[in-house]
Amino acid sequence: MNRLKKLFSNKNAEILNIYFTAGHPKLDDTVKIIDTLTQNGVDLIELGVPYSDPMADGETIQNSSSIALKNGMTLQLLFDQVKAARKISEVPLILMGYYNQMIQYGFDRFLADCQESGVDGLIIPDLPMSIYERDYKDFFDQYDLKMSFLITPETNNERILMADKLSSGFIYVVSKSSITGSAKAIDQSQKDYFRRIEDLNLTVPRLIGFGIHDRETYLTACDNSNGAIIGSAFIRAIDQAEVLESSIKEFVSEIR
Amino acid sequence: MTYQVDEAGFYGEFGGAYIPEMLHGNIDHLKNHYTEIMYEASFQKEFQELLRDYVGRPSPLYLAKRLSAHYGGKIYLKREDLNHTGAHKINNTIGQILLAQRLGKKRIIAETGAGQHGVATATVCALMGLKCIVYMGKIDIARQAPNVSRMKMLGAEVRPALSGSQTLKDATNEAIRDWISNTEDTHYIIGSVVGPHPYPDMVARFQSVISEEVRWQLKVKEGTEVPDYLIACVGGGSNAAGIYYHYLDEPEAKIIAVEAAGKGIDTGESAATSVLGTMGIIHGSKTLLMQTEDGQIVEPYSISAGLDYPGIGPQHAHLISSGRAEVYSATDDEALAAALELSRIEGIIPALETAHAFAILDKMSFKPDDIVVINLSGRGDKDLATFTEYLNRETGEHKSDH
């Protein structure tokens with residue numbers, strides 16, 4: 001059974017999804033980070049596929065991406081790392097990457113390698129829902145991969161319902177209209193937006209991301225959805241880590 | 001075959017809008033309203049008046065007699081260099097600032113490579129009293145210093161793009177990130193026929209005034225509206241899109257696109273996208289782009305900051321792939337030599353970008369009656385430091401010859 005599906009059938013609150021960039025800080029850290037996050041009880045891991053031009057990402061993720069590329073990260077290595085991680089962890093794993101890399105690799109081949117290596121789902125922020133539905137949805141079903149689409153405070157209800165229909169993993173609720181990495185508290189207008197989504201009674205789980213960076217924002221996100229996604233704050237925490245394992249443990253225990 | 005954009009925003013297989021959800025609202029609104037806004041009577045009246053009284057249009061179509069005598073044919077130069085701010089870029093920024101006003105936006109952002117689009121954007125923002133932020137690669141800021149000063153003089157804030165190759169591609173990324181974070185009050189004035197639909201079409205329509213004028217100007221001078229050749233340099237390709245626009249469906253007008261070969265197409269330091277590029281997504285558009293096997297976008301190289309872009313407008317990708325347009329490329333040195341030649345033979349110092357279009361003349365052979373129109377897209381004041389260095393180098397070589 002798809003691990004993401006299994007997670008959501010067992011748990012529907014306080015889901016903690018940690019994002020980090022594969023191949024960062026060091027090329028071979030990926031498996032170690034997945035292992036440590038798993039041991040510390042993280043529910044879901046979103047693995048960033050390093051890209052030269054990450055349009056929706058803030059400085060922290062951009063930097064981690066360019067360092068990973070300088071470290072020599074490639075898609076082939078990424079799949080090898082996922083395979084290695086699968087020998088020691090059954091945590092649900094999704095890849096977050098930009099569409100161009102998948103086109104160049106060959107979309108069908110990319111999905112096949114995802115399934116073979118043990119990936120459970122994908123987030124592709126610059127792949128429009130309409131093109132996914134027309135060209136790729138059937139392939140996702142065929143390879144048993146779950147797709148998750150983003151919605152923002154400016155996404156209208158009709159489009160949110162479309163995201164609900166097309167998302168087979170979860171709906172990625174972007175907390176505010178911004179790039180990743182903001183470090184402010186969550187304000188009332190954002191809470192109103194979370195309420196508006198809640199009132200739509202969507203069928204797939206919702207995880208709130210962008211700007212979730214500490215215990216307070218994590219708890220607010222959990223109050224308003226099924227859980228939270230933390231990326232930039234985690235990357236900052238491990239970026240300068242002397243001992244990766246203890247930094248990760250400390251970060252997760254501060255959040256939970 | 002049609003060469004214009006279809007309902008879904010594609011030119012053949014190129015184009016589209018591959019954007020994150022954060023930009024969907026703005027892009028969708030633009031897509032649904034841009035033609036309605038820009039062809040509305042009061043918009044057109046204001047646009048045409050500004051093009052005439054502020055930009056100085058129509059720009060002359062000049063028969064370059066000495067250049068013609070040298071290369072054969074009748075070579076006409078479309079003098080976009082004589083526009084206010086010194087290039088074709090202002091045609092588009094005038095159009096987009098009027099559009100931004102009608103969309104109720106208060107803040108303008110732009111990317112710039114050579115700085116011409118940045119200056120043209122800063123200019124129209126000053127004209128309309130709107131806040132202006134221009135993203136420019138750190139490397140380009142250094143090599144196009146005069147334009148940075150002009151933007152500041154005009155009241156714009158110039159923000160250095162420090163990521164990636166620190167050139168046009170990265171300035172565009174930074175502008176997109178700014179827009180994602182400021183969707184409500186901000187309009188993004190893209191300077192070329194790139195980016196997500198409807199930008200390539202919208203910018204081409206604003207630049208189409210160039211070929212609209214060429215048609216009647218040629219009719220007066222030659223008795224025909226249609227030339228044998230249209231030649232333009234292509235980075236993203238907005239000056240080219242403008243001069244091709246009203247000729248796309250007339251195959252007797254041969255379309256020539258000139259890309260920057262940098263130090264040579266096979267040297268690894270080039271910006272010849274249509275030769276070195278493969279299908280992919282850049283800045284929200286499916287087009288030809290320079291990338292690695294792993295889909296990482298390659299950092300291009302050209303001496304000219306305005307052509308230093310790893311992609312190409314999706315319409316150009318379609319024109320080239322379908323065979324409607326023929327591609328040439330010119331190296332840095334060929335462009336420099338062409339700039340010097342045009343300066344000495346016609347008394348016109350072209351922009352380095354524009355010089356690439358002239359650099360292919362000796363690779364072509366024209367019949368005496370051939371009518372050739374070259375888009376003289378910008379003037380070379382901004383490139384004087386580079387030209388001076390080149391002149392010193394040339395003079396040095398002469399000395400060593402003796």
Side-chain angles (χ1 to χ4, degrees), chain A residues 49-59 62-63 65-66 68-69 72-78 97-106 110 123-132 134 149-156 159-160 162-163 171-174 176-182 210, chain B residues 8-10 13 16-29 31 161-166 169-186 195-197 277-287 289-299 310-311:
Chain A
V49 185
Y51 185 48
S52 56
D53 294 74
M55 182 156 72
D57 286 304
E59 209 178 340
Q62 282 175 51
N63 285 344
S65 233
S66 19
L69 291 173
M73 200 59 200
T74 62
L75 289 173
Q76 197 51 60
L77 264 175
L78 174 74
Y98 288 83
Y99 184 39
N100 188 54
Q101 298 168 282
M102 298 159 199
I103 298 180
Q104 190 69 1
Y105 194 80
F110 187 84
I123 296 173
I124 310 170
D126 58 345
L127 175 63
M129 287 192 268
S130 54
I131 291 184
Y132 167 77
R134 190 192 68 194
F149 283 102
L150 276 63
I151 60 171
T152 81
E154 289 172 30
T155 308
N156 62 32
R159 240 179 118 69
I160 294 177
M162 187 173 165
I171 287 188
Y172 192 133
V173 180
V174 175
K176 58 183 289 192
S177 299
S178 73
I179 49 178
T180 55
S182 153
F210 282 48
Chain B
F10 284 85
E13 55 185 331
Y18 298 87
I19 48 162
E21 182 63 24
M22 291 76 95
L23 289 178
H24 186 271
N26 272 346
I27 294 288
D28 205 47
H29 188 79
K31 183 185 85 183
L162 304 172
S163 58
S165 55
Q166 304 187 335
K169 143 178 114 70
D170 312 284
T172 308
N173 287 337
E174 292 304 321
I176 291 172
R177 289 182 186 118
D178 181 312
W179 206 23
I180 286 175
S181 303
N182 299 284
T183 48
E184 273 184 35
D185 67 340
T186 299
H197 176 68
T278 50
M279 175 80 95
I281 309 283
I282 183 168
H283 299 136
S285 181
K286 186 181 266 189
T287 186
L289 66 121
M290 292 165 58
Q291 56 184 328
T292 66
E293 280 185 7
D294 233 25
Q296 307 293 347
I297 297 178
V298 165
E299 297 172 6

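Below, chains carry the letters A, B, ... as their sequence lines are ordered, and counting in each starts from 1. Just so you know, these numbers use all the heavy atoms, side chains as well, and skip hydrogens, waters and symmetry mates. Not measured: the values here are computed from a predicted model.
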Engineer: Give the minimum heavy-atom separation between B:Pro310 and B:Lys169, together with the two atoms involved.
Structural biologist: CG-CD, 3.7 Å
Engineer: Using a cut-off of under 4.5 Å on heavy-atom pairs, state which of A:Pro54, A:Pro128, A:Ser52 scores highest against chain B.
Structural biologist: A:Ser52
Engineer: Check whether B:Ile180 gets within reach of chain A through its side chain, its backbone, both or neither, counting any heavy atom under 4.5 Å.
Structural biologist: both
Engineer: Quick one, B:Glu174 and B:Leu162 - any side-chain contact, counting heavy atoms below 4.5 Å?
Structural biologist: no
Engineer: Search all heavy atoms of A:Tyr51 against all heavy atoms of A:Ser65 and return the closest pair with its distance.
Structural biologist: N-OG, 3.0 Å
Engineer: Tell me, side chain or backbone of A:Ser177 under 4.5 Å from chain B's heavy atoms, or both, or neither?
Structural biologist: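 For A:Ser177, the contact with chain B is made by backbone and side chain together.
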Engineer: Select one option (side chain, backbone, both, neither) describing which atoms of A:Ile131 are under 4.5 Å from chain B's heavy atoms.
Structural biologist: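 Just its side chain gets close to chain B.
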Engineer: If I measure from the heavy atoms of chain A, does B:Ala8 come under 4.5 Å with its side chain, its backbone, both, or neither?
Structural biologist: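 For B:Ala8, no heavy atom lies under 4.5 Å from chain A.
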Engineer: I'd like to know which of B:Gln291, B:His283, B:Glu299 tops the heavy-atom pair count under 4.5 Å against chain A.
Structural biologist: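 Maximum pair count with chain A is reached by B:Gln291.
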Engineer: Please check this pair: side chain of B:Asn26 against backbone of B:Thr183, looking for a donor-acceptor N/O pair closer than 3.5 Å.
Structural biologist: yes
Engineer: Using heavy-atom distances under 4.5 Å, tell me whether A:Pro153 contacts chain B through its side chain, its backbone, both, or neither.
Structural biologist: neither
Engineer: Quick one: what part of A:Leu75 sits under 4.5 Å from any heavy atom of chain B, side chain, backbone, both or neither?
Structural biologist: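 Answer is both: backbone and side chain atoms of A:Leu75 are under 4.5 Å from chain B.
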Engineer: For chain B, which of A:Leu127, A:Thr155, A:Asn156 has the most heavy-atom pairs under 4.5 Å?
Structural biologist: A:Thr155
Engineer: Tell me, side chain or backbone of A:Met129 under 4.5 Å from chain B's heavy atoms, or both, or neither?
Structural biologist: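 Contact with chain B involves the side chain of A:Met129 alone.
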Engineer: Is it the case that the side chain of A:Asp126 and the backbone of A:Tyr99 share a donor-acceptor pair, with hydrogens and angles ignored and the cut-off at 3.5 Å?
Structural biologist: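 Yes; at least one donor-acceptor contact below 3.5 Å.
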Engineer: Go through the atoms of B:Leu289 and report whether side chain, backbone, both or neither lie under 4.5 Å from a heavy atom of chain A.
Structural biologist: side chain
Engineer: Given 3.5 Å as the limit, does a donor-acceptor pair link the side chain of B:Asp170 with the main chain of B:Ser165, or not?
Structural biologist: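 Confirmed, B:Asp170 side chain pairs with B:Ser165 backbone.
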Engineer: Using heavy-atom distances under 4.5 Å, tell me whether A:Asn63 contacts chain B through its side chain, its backbone, both, or neither.
Structural biologist: neither
Engineer: At a heavy-atom distance under 4.5 Å, which candidate from A:Val174, A:Leu69, A:Ile124 has the highest pair count against chain B?
Structural biologist: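 The candidate making the most pairs under 4.5 Å is A:Leu69.
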Engineer: For each of A:Ile103, A:Ile151, A:Asp53, tally heavy-atom pairs with chain B at distances under 4.5 Å, and name the one with the top tally.
Structural biologist: A:Asp53
Engineer: Please answer whether the main-chain N or O of A:Gly58 pairs with a side-chain N or O of B:Arg177 as donor and acceptor at a distance below 3.5 Å.
Structural biologist: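 Looks like no, no N/O pair under 3.5 Å.
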Engineer: Which label fits A:Tyr132 and A:Phe149: parallel for a plane angle under 30°, tilted from 30 to 60°, or perpendicular past 60°?
Structural biologist: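 Plane angle over 60°, so perpendicular.
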Engineer: How would you list, by chain and number, every residue that makes a ring pair (Phe, Tyr, Trp, His ring centres under 6.0 Å) with A:Tyr105, sequence neighbours excluded?
Structural biologist: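 A:Tyr105 satisfies ring pair (Phe, Tyr, Trp, His ring centres under 6.0 Å) with A:Phe79, A:Phe110 once adjacent residues are dropped.
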